[in-house]
Amino acid sequence: MEKSNQFALHILTVLEVLESDGLQTNTPSIYEDFEGWLDPLPDIRECLVYELLDVATHLVGHEVKDAMDCSQWIMSSSKGQVVFPALYESQTVERDGLLTLTWYPGVLRYERDIFNRVIAGLASNHESRKHFFNPKSNISLPADVTVACNSFQGWKVAWMVSVSESALKLQVGLENPEGEIAHKVYPGPILEYLSSVFFIDHCRHGRNTPLSTPDKFSRYGSPMELHEDDITDTTSIAIIPVAGAEDLRFYTLCALSVGEFPGPHQTLLAGNACIACCLNHCRELGCQVLIL
């Protein structure tokens, strides 16, 4: 269990892979345009995640700094190749490799038009921070916290694309079993947000080990909506019951990253660990949100 703070080391690995795997770059040497860039390595972890991604995309000829500066970059296309974070494709959040980039040869084509970038679709001025919420999609959550469970069986993530003058815009939605979009947010800031998330990979008991008695100082919440008390009440932990559903865990982190839930708060992402160990670590670390 530790913070996902290995970004600096990993991005250097990514940059080396860009060269060694034959991805076209616009510099003869990986470090030529960044003389002295590695000198202050002990302090590089203070850089923003999107500053590191801006360096990586620049090396392959993708000039998207304006989108990086506001955490909107999702995907870009230039010089016959498309580049984007692998997380958006896998929707599987693990402690290692959070900044891994994926690339494909070709161009971005949508409805006969070609675009050079995909950005996070933001809410317009008249929309609230909660971009969309269908109140008919509320579901009944267990009253007692006893086990790591998934109360959203049959729910899944859906991607929604719209067109602007200069780019494709992308939102990520939560689709209920009836095929309705119950909630949607934009995914842009998730990579930055993950730099402050805690992880617990496993424990000696295993995920399915239940509590002997219900935990009175935690409660189940929805990835669509948490009340302010769920976050600001330091005596209680808000638990998102989506155990084993990687796409729903990804969606919850997207919602957290755009301020969908009141803050400030700390989040623990559970792996194959029992709910008792997860709750114990939440209390040790001061986490108000536990994603199963």
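The structure places CG of Asn150 at 9.0 Å from CG of Leu292, a figure rounded to the nearest 0.5 Å. Atoms CE and CG, on Met75 and Leu108 in that order, are 6.0 Å from each other to the nearest 0.5 Å. Taking CZ of Phe198 as the reference point, atom CG of Leu290 lies at 13.0 Å (rounded to 0.5 Å). A distance of 10.5 Å separates CZ in Arg109 from OG in Ser77, rounded to the nearest 0.5 Å.
Asn272 contributes no side-chain N or O that, together with a main-chain N or O of Gly206, makes up a donor-acceptor pair within less than 3.5 Å. Arg249 places no side-chain N or O within 3.5 Å of a backbone atom of Ile240 that could act as its donor or acceptor partner. Glu175 places no side-chain N or O within 3.5 Å of a backbone atom of Ile181 that could act as its donor or acceptor partner. For Tyr251 (side chain) and Lys184 (main-chain N/O), a donor-acceptor pair under 3.5 Å exists by modelled atom type. Checked by atom type and distance alone, the side chain of Asn176 pairs as donor or acceptor with a backbone atom of Glu178 at under 3.5 Å. Checked by atom type and distance alone, the side chain of Thr100 never pairs as donor or acceptor with a backbone atom of Ala86 at under 3.5 Å. Looking at Glu192, its side chain does come within 3.5 Å of a backbone N or O of Val49 through a donor-acceptor pair. Glu246 places no side-chain N or O within 3.5 Å of a backbone atom of Gly244 that could act as its donor or acceptor partner.
Using a 4.5 Å heavy-atom cutoff, the side chains of Pro85 and Leu191 are in contact. Put simply, the side chain of Leu141 reaches to within 4.5 Å of the side chain of Phe152, judged on heavy atoms. Looking only at side-chain heavy atoms (C-beta outward), Trp73 and Asp54 stay at 4.5 Å or farther from each other. Between Ile190 and Phe250 the shortest side-chain heavy-atom distance falls below 4.5 Å. The side-chain heavy atoms of Trp155 and Pro223, taken from C-beta on, include no pair separated by under 4.5 Å. The closest side-chain heavy-atom distance from Arg219 to Ser236 is below 4.5 Å. With contacts defined as side-chain heavy-atom distances shorter than 4.5 Å, the pair Leu253/Val197 qualifies. Side-chain contact between Val82 and Val107 is absent, with no heavy atoms from C-beta onward closer than 4.5 Å.
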Inset, instruction - Determine, stepwise, if the pair Leu194 / Leu269 fulfils side-chain contact (heavy atoms from CB on, under 4.5 Å). - result: CA-CA 10 Å; Leu194 283 169; Leu269 187 66; 5.5 Å; no

Inset, instruction - Begin from the C-alpha positions of His58 and Glu63 and carry the test side-chain contact (heavy atoms from CB on, under 4.5 Å) through to its verdict. - result: CA-CA 6 Å; His58 172 78; Glu63 302 301 335; 2.9 Å; yes

Inset, instruction - Any chance you could lay out the side-chain contact (heavy atoms from CB on, under 4.5 Å) test for Val60 and Trp103, step after step, and finish with the verdict? - result: CA-CA 10 Å; Val60 293; Trp103 56 86; over 6 Å; no

Inset, instruction - Starting from the C-alpha separation in whole Å, work towards a yes-or-no answer on side-chain contact (heavy atoms from CB on, under 4.5 Å) for Val242 and Asp247. - result: CA-CA 9 Å; Val242 289; Asp247 58 338; over 6 Å; no

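Across Ser76 and His62, no two heavy atoms sit closer than the pair OG-ND1, 2.7 Å. Residues Ala167 and Arg117 approach most closely at CB-CG, 3.5 Å, considering heavy atoms. For Tyr220 against Pro142, the heavy-atom pair with the smallest separation is CD1-O, 3.3 Å. Residues Ile237 and Cys287 share a closest heavy-atom pair of CG1-O, 3.9 Å. Here the closest non-hydrogen pair linking Cys274 and His205 is SG-ND1, 3.4 Å. Closest heavy-atom contact between Pro187 and Ala120: CD-CB, 4.3 Å.
Using bins of under 30°, 30° to 60° and over 60° for the plane-to-plane angle, the ring pair Tyr104/Phe84 lands in the parallel bin.
Screening Ile119, Val118, Val163 for a side-chain contact (heavy atoms from CB on, under 4.5 Å) with Lys169, the sole residue that qualifies is Ile119.
The same ILVMFWY cluster, assembled from side-chain heavy atoms under 4.5 Å apart, contains both Tyr88 and Phe115.
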